[in-house]
Every structure is written in C-alpha cells, then in structure tokens.
Amino acid sequence: MKALASPRPNDGAKTRAARSLLMRALADGPRPSAAIEREAAMLGITRKALHRARTACDIRSTRVSHPGGPNGAGAWYWSLPAQSLVQRNETE
C-alpha cells in the first residue's frame, strides 16, 4: 500500500531547493560532484533530492581522471547541458 500513498508534502520544495542550488553552483562551469553534495548537505538538502533535481535539470556527469595517479584517481564533475556541449566543441 505504500506505493499508493500520496507523496510527502515537502518533496516538491526539497527538489526545488536542490534545483536552485544546482543552477547556482554550476552557473560558472563544471564543478566536482562531491563539492556540490557537501554544499547541499550543509543546506539540509538530501542526496536523494539532489539527485532527483540533477535528473530534472539534465545535469551531465563526466569522470576526470588524473594521469599517472593510482588506479581510480580522479573525480566526477557535474555540468549544465549547454556547458558540456561547449566544452566538447572546444576540445575537438
């Protein structure tokens, strides 16, 4: 019966707050996802709400590796869709 229950009343507000954070955080370009997740946690935004907002905003994830570092060295970066297109064009 849980599947038929109505959504929690604050879900929309939490996702809106997360969307606002993402738009502000990524306005100047890609940033490490870990930094954005820490910022969200400090603002009381749950990881679940942040990832729902990330999907709604079509945020792009890109893995950036550190050459010569240990296996797995690197970080995930998030960017707005338009920014990732610009970056791809600059690197081609």
Inset, instruction - Could you list the residues that satisfy side-chain hydrogen bond (donor to acceptor under 3.5 Å, both in side chains) with R38, not counting sequence neighbours? - result: none
Legend entry - Stepwise side chain to side chain contact (heavy atoms under 4.5 Å, CB included) check, H51 with E37: CA-CA 9 Å; H51 285 269; E37 287 175 344; 3.1 Å; yes
Inset, instruction - Please round to the nearest 0.5 Å and tell me the distance separating atom CZ of R63 and atom OG of S33. - result: 9.0 Å
Legend entry - I59 reachable from W76 in the ILVMFWY side-chain graph, under 4.5 Å edges: no
Inset, instruction - Work out which heavy atom in L80 is nearest to a heavy atom in M23; give both atom names and the distance. - result: CD2-CE, 3.7 Å
Inset, instruction - Can you sort out the partners of T46 under side chain to side chain contact (heavy atoms under 4.5 Å, CB included), two or more places apart, ordered by chain and number? - result: K48, A49
Inset, instruction - For the residue pair R19 and R24, establish whether any side-chain heavy-atom pair is separated by less than 4.5 Å. - result: no
Inset, instruction - Determine, using the 4.5 Å side-chain heavy-atom cutoff (strictly less than), whether W78 and L43 are members of one ILVMFWY cluster. - result: yes
Legend entry - E39 bridged to R31 by N-O distance under 4.0 Å: yes
Legend entry - Those residues that, when tested against S65, pass side-chain hydrogen bond (donor to acceptor under 3.5 Å, both in side chains) (two or more places apart): none
Legend entry - For the student: nearest non-hydrogen atoms of L50 and I45, plus distance: N-CG2, 4.2 Å
Legend entry - S79 side, atom OG; R60 side, atom CZ - distance, nearest 0.5 Å: 8.0 Å
